[in-house]
Amino acid sequence: MKTKPSFTVNKLSLAIISVISAATLLTATPVYSQEPEPTRDPGEVIPIEPIEVISVTGRLRSSASEATEERREQIAVADIMGSEQISRTGDGDAAAALRRVTGLTLKDGKFIYVRGLGERYSSTSLNGATVPSPDPTRNVVPLDMFPASIIESLSVQKSASANSPAAFGGGHVDIRTKSIPSDFFFKASVGGRYNTNDSDDSYTYKGGGKDWTGQDDGTRSMPGTINDTINQYGGISPIDIVSGSNGTVNYQTAQTINRELALGLYRDMTIQNQSTDPAVRGDIAIGDRWDITDDIIFGALSAVSYKKQAENYTKREVELDGDSSQVQIENQKDIVGTDSVVQVSGMLNMGLEIGYNHKIETFTTYLQDTSDDVSLGIEETIDTLGEPNALQVYGVDYEERSLISNQIKGHHFIEFLNDAEVNWKFSDARSERYAPNELSYTYNVLLDDNNELLSRNLNTQDAPKYVYSRLQDDSQNYGWDLMYPVNFDSAVLKLTTGYEYFERTRESYATRLGLDVNLSPSNVNGSILAGDFDEIFSDSNIINDTLDLELKDASTDTEDYIAAEKNDAVFVSMDIDFDDVWRVYAGVRYEDFSPCNITD
């Protein structure tokens with residue numbers, strides 16, 4: 001069945017037309033005066049007064065009405081949000097917009113829970129194609145990476161159908177980016193935010209949260225000397241260096257080499273307060289369509305979005321223990337922090353329409369999301385709750401996430417096959433996560449009755465930890481489906497069959513380094529441990545071996561992995577509509593999942 005342009009009547013226009021019509025009737029009503037009408041000669045031409053023209057105009061169906069119509073025609077239980085709905089709410093990304101859908105909750109500001117089920121029970125697609133995730137521990141894409149400015153609509157399917165992935169379980173989210181525009185347009189917007197009360201209320205470190213590009217300048221990355229030492233000696237510990245040198249390096253020299261490796265770490269990481277920087281954001285979008293012939297239309301659309309902002313937050317993490325009759329707090333941590341975010345996105349979409357029967361579209365999407373999260377927490381265990389001693393935990397989590405996706409898809413009506421519909425797609429995408437410097441360190445502290453700090457010393461039992469990690473996820477996804485309609489007197493039967501293929505390769509690497517300090521507060525130099533992080537691990541303290549320091553490699557084999565998957569799927573379904581009164585749907589889907597061969 002062919003799709004045709006639809007129009008809706010503007011109620012406001014009807015009201016205006018009624019008023020104009022009434023005014024016209026009043027104007028056209030003859031008005032009699034006391035003066036007699038002028039006499040006219042026989043055959044004299046009577047001039048015709050101009051008649052006011054009343055025009056009725058319609059408007060193209062908006063994205064809101066399109067979303068409503070799509071939802072009405074859906075076979076499965078689904079919610080559709082159009083770009084107009086998203087813009088009215090003012091949500092900045094897909095995750096924030098979806099939390100307004102009934103039955104959905106937002107977790108960690110980026111993951112959607114459908115009916116209380118975790119993100120592992122949902123799946124995400126971009127323009128109908130599966131995209132890889134930049135999260136090393138999850139299989140779904142963080143939805144906060146998609147700015148609202150590039151979204152045409154959001155579809156949330158809550159019940160199964162034969163054409164949806166078998167693994168979705170709780171729900172499937174499809175993000176549709178904007179396609180061929182109806183006419184030329186150019187949009188630009190700039191916004192900002194500033195609060196005069198944001199004075200010394202955010203947390204940062206030297207060099208943190210400042211770069212407007214969202215790209216690390218190289219200061220945070222792991223020193224190349226560490227990998228060189230591992231390749232040369234088989235490890236970085238003094239024992240590894242001695243054994244790997246075949247006796248050419250003694251233990252004391254190996255200790256010196258080990259400490260010199262620690263000098264290469266970025267240690268200017270003392271957390272401090274500063275005033276929150278003003279937030280800025282901007283969007284530019286331009287698009288047009290060209291009538292090449294009467295039946296061929298070409299359209300293109302491009303958009304760029306940028307956002308930089310810092311968000312302060314507070315939260316409490318509690319671990320409980322015990323059964324239902326007696327529950328006690330095992331661990332409690334009160335955390336304050338600041339998450340500085342830089343988001344950059346770009347999109348270039350093109351489309352070609354050939355009459356009413358054929359449409360081919362391409363989508364190129366680039367997303368970059370950088371988060372510099374700095375936090376400070378007071379942690380108490382079951383043994384220290386209510387006591388003056390506690391743990392002061394500092395954390396810096398810097399990560400860069402990116403996604404680039406190239407897609408092409410087509411939609412065709414085959415007239416000689418009773419207007420059968422054919423859809424096909426191909427997608428090639430890559431996501432990356434780069435975390436060059438995640439740091440955590442802890443102090444033992446004493447607090448007064450008002451929780452003010454009395455004293456502190458670096459906790460040497462829990463050595464400061466640096467984590468360097470990188471993830472790359474590549475995927476390919478293609479498929480097709482064919483729908484053949486059969487018309488009866490009182491019903492329409494739609495038979496659909498299709499095939500989908502998905503392949504993914506993921507590589508993840510992580511290195512964990514610890515600054516193991518044997519100095520204790522009771523030592524003659526123990527007062528050093530009361531200083532700030534950059535003061536404790538200063539160049540002089542490391543070179544002079546004041547801390548009795550050893551740089552340790554705490555990496556595990558389980559953190560580095562190369563994984564791959566391949567999934568073939570076929571499905572068949574039928575949809576019977578009895579004069580829009582009754583509707584019967586049934587379908588079968590078969591998926592064959594298997595690991596891929598991985599070669600070095």
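No experiment lies behind these values; they were computed from the predicted model shown. Along the sequence shown, residues carry numbers from 1.
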Could you check whether Arg220 makes a cation-pi contact with Tyr398, meaning its NZ or CZ is under 6.0 Å from the centre of the six-membered ring and within 45° of the ring axis? yes

Backbone N or O of Ile239 within a donor-acceptor pair of the Ser243 side chain at under 3.5 Å? yes

Looking only at atom types and distance, does a side-chain atom of Asn544 sit under 3.5 Å from a main-chain N or O of Thr546, one as donor and one as acceptor? no

Check this for me, if you would: do Asp545 and Arg259 make a salt bridge, where the nitrogen-to-carboxylate-oxygen distance has to be below 4.0 angstrom? yes

Under 3.5 Å, is there a donor-acceptor pair between the side chain of Asn127 and the main chain of Thr177? yes

Taking NZ, NE, NH1 and NH2 as the nitrogens, is one of them in Lys566 or Glu503 under 4.0 Å from a carboxylate oxygen of the other? no

Ser538 side chain to Asp534 backbone, donor-acceptor under 3.5 Å: no

Asp372 side chain vs Glu399 backbone, donor-acceptor pair below 3.5 Å: no

Heavy-atom donor-acceptor pair, Tyr394 side chain to Leu439 backbone, under 3.5 Å: no

Between Arg504 and Asp474, is the closest basic N to carboxylate O distance under 4.0 Å? no

Under 3.5 Å, side chain of Thr370 to main-chain N/O of Gly214, donor-acceptor pair present? yes

Do Tyr313 and Val336 have side chains that approach each other closer than 4.5 Å (heavy atoms only, starting at C-beta)? no

Within the 4.5 Å heavy-atom criterion, are Gln255 and Ile241 side-chain neighbours or not? no

Taking salt bridge (charged side-chain N to carboxylate O under 4.0 Å, His left out) as the definition, give me every residue that meets it alongside Arg267, ordered by chain and number, with sequence neighbours left out. Asp539

Does a side-chain heavy-atom distance below 4.5 Å link Tyr366 with Val304? no

Judged by modelled atom types alone, do Asn406 and Thr364 share a side-chain donor-acceptor pair under 3.5 Å? yes

For Leu551 and Ala262, which heavy atoms make the closest approach, and how far apart are they? CD2-N, 3.9 Å

N/O donor-acceptor pair under 3.5 Å between Ser345 side chain and Leu367 backbone: no

Would Arg470 pass as a cation-pi partner of Tyr509, given that its NZ or CZ must be under 6.0 Å from the six-membered ring centre and within 45 degrees of the axis? no

Parallel, tilted or perpendicular: which fits the ring planes of Tyr466 and Tyr468, with parallel below 30° and perpendicular above 60°? parallel

Would you please say whether a donor-acceptor pair under 3.5 Å links the side chains of Asn523 and Ser520? no

Any side-chain heavy atom of Tyr233 sitting closer than 4.5 Å to one from Ser245? yes

Heavy-atom donor-acceptor pair, Asp532 side chain to Glu535 backbone, under 3.5 Å: no

Between Glu507 and Arg430, does at least one N-O distance fall below 4.0 Å, as a salt bridge requires? no

Given 3.5 Å as the limit, does a donor-acceptor pair link the side chain of Asn518 with the main chain of Leu547, or not? no

For Asp283, salt bridge (charged side-chain N to carboxylate O under 4.0 Å, His left out) partners two or more places apart: none

